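Hydrogens, waters and symmetry mates are skipped; everything else that's a heavy atom, side chains included, is used. Quantities reported herein were computed from a predicted structural model and do not represent experimental measurements.
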Amino acid sequence: MAGTQAAKLPRTTYERELLRLQTELVKVQEWVRAEGTRLVVVFEGRDAAGKGGTIKRVAEHLNPRVARIAALPKPTDRQRTQWYFQRYVEHLPAAGEIVLFDRSWYNRAGVEQVMGFCTKEEYQLFLRQCPIFERMLVEAGIVLRKYWFSVSDTEQQERFRKRLEDPLRRWKLSPMDLESITRWEAYSRAKDAMLVHTDIAEAPWYVVESDDKRRARLNMIAHLLDSLPYHEVAPPVLDLPPRPPSTGYERPPRDLQTHVPDHSATL
């Protein structure tokens, strides 16, 4: 169960600080691009722990050609026969890129192990190989950050209820999510074992208390910024050129084109 948190952060305070942090994330993006850095950020946690919302705020003002989200579907039949980490390697960044993993190779340590989607031998092999794999990434020069979003059982249940009642968020709720309610302790044991085996000096885990989503987002982004040796990169000097004089172009009549109806006029 997540630790006790302070009162919910006021929206005005949250939005003001979020904007400041997002401005710094843009500076990180330009630093990554200028220095050829390869940055990987792993977001893990229980269902409805707040990973997706945080990723959305991290990426909101970033260039999708520099910062992309990797949210892999379940493996294909062919991928199931590959080395487990292989399909994740394909999504690692090249120089000047950021990859945000919305769940990652840690699926094997969580849902796959708890739900019986992998064998005991595959699970044990993962726990042995994962630290080696991550050390290889770091030794190759990849900057790796791992965040675990910790949510209490009561808060998770309430978020599930809200999703069930909200047509805009109903798609986020799956039978697998509901199954996790009945396996709370199994997931807790799996998380504990995962942290014991994979919390390594080269790539430590950072736990984000996430019963208050606003605090969780700000805390995670602020920590990420503090952990990076980024600096502000001077933008290129750009001047808006003057518009050249007309050479006689005339726009075709509007009735020759199909326009979107003015729905806003009906409001």
Side-chain angles (χ1 to χ4, degrees), residues 1-3 21 24-25 27-29 31-32 35-46 49-51 54-55 58 67-70 72 83-114 118 120-151 187-210 215-231:
M1 185 176 295
L21 294 174
E24 292 301 310
L25 284 172
K27 296 178 184 178
V28 168
Q29 168 188 270
W31 167 74
V32 164
E35 298 292 332
T37 303
R38 292 172 290 167
L39 174 60
V40 171
V41 187
V42 169
F43 294 78
E44 291 288 346
R46 297 178 188 269
K51 302 179 298 297
T54 304
I55 292 171
V58 169
R68 68 178 186 275
I69 300 169
L72 277 60
W83 177 48
Y84 176 71
F85 295 95
Q86 187 167 336
R87 73 188 190 116
Y88 295 101
V89 169
E90 297 174 359
H91 294 270
L92 293 175
E97 294 179 351
I98 302 169
V99 176
L100 311 174
F101 276 97
D102 185 353
R103 294 196 182 278
S104 65
W105 44 90
Y106 283 101
N107 277 337
R108 176 136 296 177
V111 63
E112 289 191 17
Q113 192 271 333
V114 173
C118 67
K120 182 178 180 180
E121 292 73 21
E122 288 172 331
Y123 170 65
Q124 293 296 334
L125 180 62
F126 170 83
L127 293 181
R128 291 197 303 272
Q129 288 189 340
C130 185
I132 301 172
F133 172 67
E134 292 182 352
R135 287 188 182 102
M136 290 173 64
L137 298 183
V138 174
E139 288 173 1
I142 289 177
V143 179
L144 176 60
R145 297 292 182 268
K146 304 186 305 191
Y147 292 95
W148 175 269
F149 286 72
S150 180
V151 64
Y187 274 103
S188 295
R189 294 188 182 95
K191 180 261 295 183
D192 293 343
M194 179 194 78
L195 293 181
V196 167
H197 286 85
T198 64
D199 187 18
I200 59 177
E202 297 86 347
W205 276 104
Y206 298 104
V207 177
V208 181
E209 298 289 354
S210 61
R215 291 183 186 276
R217 293 165 185 167
L218 298 183
N219 292 341
M220 179 267 150
I221 297 173
H223 181 275
L224 175 64
L225 292 170
D226 288 342
S227 76
L228 298 173
Y230 75 98
H231 56 81

*Over 60° means perpendicular and under 30° means parallel, so classify the ring planes of W148 and W205, tilted if in between.*
perpendicular
*So do the side chains of Y206 and L224 get within less than 4.5 Å of each other, counting heavy atoms only?*
no
*Note, V143 side chain near V32 side chain (heavy atom, < 4.5 Å)*: no
*Can you find a pair of side-chain heavy atoms, one from L125 and one from R128, that are under 4.5 Å apart?*
yes
*asked:* Is it the case that the side chain of S210 and the backbone of A216 share a donor-acceptor pair, with hydrogens and angles ignored and the cut-off at 3.5 Å?
replied: no
*Taking only Lys NZ, Arg NE, NH1 and NH2, and the carboxylate oxygens of Asp or Glu, determine whether R108 and E112 approach each other closer than 4.0 Å.*
yes
*Enter the distance from Q113:CD to Q124:CD here, rounded to the nearest 0.5 Å.*
8.5 Å
*Those residues that, when tested against H91, pass ring pair (Phe, Tyr, Trp, His ring centres under 6.0 Å) (two or more places apart)*: none
*How far does NZ of K51 sit from CG of L100, to the nearest 0.5 angstrom?*
14.0 Å
*Between OG1 on residue T54 and CG on residue L218, distance to nearest 0.5 Å*: 9.5 Å
_Note: E90-R87 ion pair, threshold 4.0 Å (strictly below)_ = no
*Please identify each residue that fulfils ring pair (Phe, Tyr, Trp, His ring centres under 6.0 Å) with Y123, with sequence neighbours left out.*
none
*asked:* Please determine whether a side-chain nitrogen of the Lys or Arg among R215 and E209 lies less than 4.0 Å from a carboxylate oxygen of the Asp or Glu.
replied: no
*Rounded to the nearest 0.5 Å, what's the gap from CD1 on I69 to CD1 on I55? Could you check?*
6.0 Å
*Apply side chain to side chain contact (heavy atoms under 4.5 Å, CB included) to V58 and I221, showing your working.*
CA-CA 7 Å; V58 169; I221 297 173; 3.8 Å; yes
*asked:* So, using salt bridge (Lys or Arg N to Asp or Glu O under 4.0 Å) as the criterion, who are the partners of R38 when residues are at least two apart?
replied: none
*Could you state the interatomic distance from CG (L21) to NE2 (H223), rounded to the nearest 0.5 Å?*
13.5 Å
*Any side-chain heavy atom of F133 sitting closer than 4.5 Å to one from Y84?*
no
*State which residues pass side-chain hydrogen bond (donor to acceptor under 3.5 Å, both in side chains) with W31; sequence neighbours excluded, sorted by chain then number.*
none
_What verdict does the side-chain hydrogen bond (donor to acceptor under 3.5 Å, both in side chains) test give for E24 and Y230, after you've listed the backbone C-alpha separation in whole Å, the side-chain angles of each residue and the deciding distance to 0.1 Å?_
CA-CA 10 Å; E24 292 301 310; Y230 75 98; 2.6 Å; yes
*asked:* Tell me every residue that passes side-chain hydrogen bond (donor to acceptor under 3.5 Å, both in side chains) with Q29, counting only those two or more places apart in sequence or in another chain.
replied: none
*Taking all heavy atoms of P93 and all of L39, pick out the closest pair and write down the distance.*
CG-O, 3.8 Å
*Does L92 reach the side chain of V99, with side-chain heavy atoms less than 4.5 Å apart?*
no
_I need the single residue from E134, E202, E44 that forms a salt bridge (charged side-chain N to carboxylate O under 4.0 Å, His left out) with K146. Which is it?_
E134
_Heavy-atom check, side chain of V40 versus side chain of L137, under 4.5 Å_ = no
*For the residue pair F126 and Y106, categorise the inter-ring angle as parallel (less than 30°), tilted (30 to 60°) or perpendicular (more than 60°).*
perpendicular
_Nearest 0.5 Å, please: how far is CG in L127 from OG1 in T198?_
7.5 Å
*asked:* So, using side-chain hydrogen bond (donor to acceptor under 3.5 Å, both in side chains) as the criterion, who are the partners of K191 when residues are at least two apart?
replied: none
*Determine yes or no for a side-chain-to-main-chain donor-acceptor pair under 3.5 angstrom, with R135 supplying the side chain and I200 the backbone.*
no
